[in-house]
Amino acid sequence: MFKRIVVAYDSSEWSKRAAILAGDMAREQAGTEIWLVCAMGSVPGTMGQAIADQWIAEQTLAGSALLDEGSALIGSSAVIHRELLFGPPAESIIDVAETRGCDLIVMGSRGQGALSGLLLGSQSQKVVSLAKVPVLVVK
Ligand code: ATP
Ligand code: MG
């Protein structure tokens, strides 16, 4: 049913489950494509150009490692498009879903900041509220 899926990945246990689930869905539906999104945050505006360039290079390396990890969890059942974005997570996830014409977003209920007792993290709350396509929130 869903053939163009966004997976939001921050390396948290929840996002690992989201990646595995999306891989399972792809195994059951031939021709599924997955857009694997890692948002590294916005480039800090207060930095000088040289330091900003270095920050971007470091974040690109770190993001690339995250994308490798997420791709391995999804497995080889789907074509995977790597999306490394410099922006706030929820907006980046929604932007990829809209610009790539995706029909489902799969993400975790919590993420790296899962310290409080809340059931949903701020990014999953925002995506569930603002996305125009169905959102599968993995617990
Ligand atoms: P908060 O960030 O509000 O402290 P949290 O970290 O527990 O709470 P979220 O950030 O909402 O919860 O994470 C929920 C899910 O959102 C994650 O499992 C992941 O799927 C996705 N996500 C969060 N941050 C990112 C990110 N930087 N890039 C891609 N996906 C993300
Ligand atoms: Mg978070």
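For ligands, and for the atoms within them, numbers begin at 1 and follow the listed sequence. As the structure is a prediction and not an experimental result, all values here were calculated from the model.
Ionic pairing of E91 and K126 is present here: one or more N-O contacts between side-chain nitrogen and carboxylate oxygen are shorter than 4.0 angstrom. Using a 4.0 Å cut-off between a side-chain N of Lys or Arg and a carboxylate O of Asp or Glu, E33 and K3 do not qualify as a salt bridge.
Not a single heavy atom of A18 sits closer than 4.0 Å to an atom of ligand 1.
Distance from atom 11 (O) of ligand 1 to its nearest protein heavy atom, with residue and atom name: Q123 N, 2.8 Å. Of the protein's heavy atoms, M107 CE, 3.2 Å lies nearest to atom 16 (O) of ligand 1. Looking only at heavy atoms of the protein, atom 3 (O) of ligand 1 is closest to S122 OG, 2.5 Å. Summary of contacts: the protein heavy atom closest to atom 15 (C) of ligand 1 is G108 O, 3.2 Å. Scanning all protein heavy atoms for the shortest distance to atom 5 (P) of ligand 1 gives G111 N, 3.3 Å. The protein heavy-atom contact nearest to atom 28 (N) of ligand 1 is A39 N, 3.0 Å. Nearest non-hydrogen protein atom to atom 6 (O) of ligand 1 is G113 N, 2.8 Å. Nearest protein heavy-atom contact of atom 19 (C) of ligand 1 is A8 O, 3.5 Å.
Within ligand 1, counting atoms from 1 as listed, the ones closer than 4.0 Å to a heavy atom of S15 are 18 (O), 19 (C), 20 (O). Close contacts between ligand 1 and Y9 involve ligand atoms 28 (N), 29 (C), 30 (N) [criterion: under 4.0 Å to a heavy atom]. Atoms of ligand 1 lying under 4.0 Å from any heavy atom of P89, numbered from 1 in the order shown and given with element: 24 (N), 25 (C), 26 (C), 27 (N).
Looking at heavy atoms from C-beta onward, V137 lies in side-chain contact with V128 at the 4.5 angstrom threshold. Residues I94 and K132 have side chains not in contact (no heavy-atom distance under 4.5 Å, counting atoms from C-beta outward). Using a 4.5 Å heavy-atom cutoff, the side chains of P134 and F2 are in contact.
Side chain of R4 to main chain of G101: a donor-acceptor pair is present (N/O by atom type, distance under 3.5 Å, no hydrogens or angles). Checked by atom type and distance alone, the side chain of R100 never pairs as donor or acceptor with a backbone atom of H81 at under 3.5 Å.
Applying the side-chain hydrogen bond (donor to acceptor under 3.5 Å, both in side chains) criterion to S92, with sequence neighbours excluded, gives no partner residue.
Closest to atom 24 (N) of ligand 1 by heavy atom, among D10, V106, L119, is D10.
Separating the CG atom in L104 from the CE atom in M25 is a distance of 5.0 Å, to the nearest 0.5 Å.
Residue contacts with ligand 1, taken as heavy atom pairs separated by less than 4.0 Å, involve V37 solely via the backbone atoms N, CA, C and O. Heavy atoms of A114 found under 4.0 angstrom from ligand 1 belong to the backbone as well as the side chain. The part of S12 lying near ligand 1 is the side chain, judged by heavy-atom distances below 4.0 Å. Counting heavy atoms closer than 4.0 Å to ligand 1, residue Q112 contributes backbone atoms (N, CA, C, O) but none from C-beta onward.
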Below 3.5 Å, can you tabulate the donor-acceptor pairs from side chains in residues 35-55 to any protein atom, sequence neighbours excluded?
| residue | atom | partner | partner atom | Å |
| --- | --- | --- | --- | --- |
| Q49 | NE2 | D53 | OD1 | 2.9 |
| Q54 | NE2 | E58 | OE2 | 3.0 |

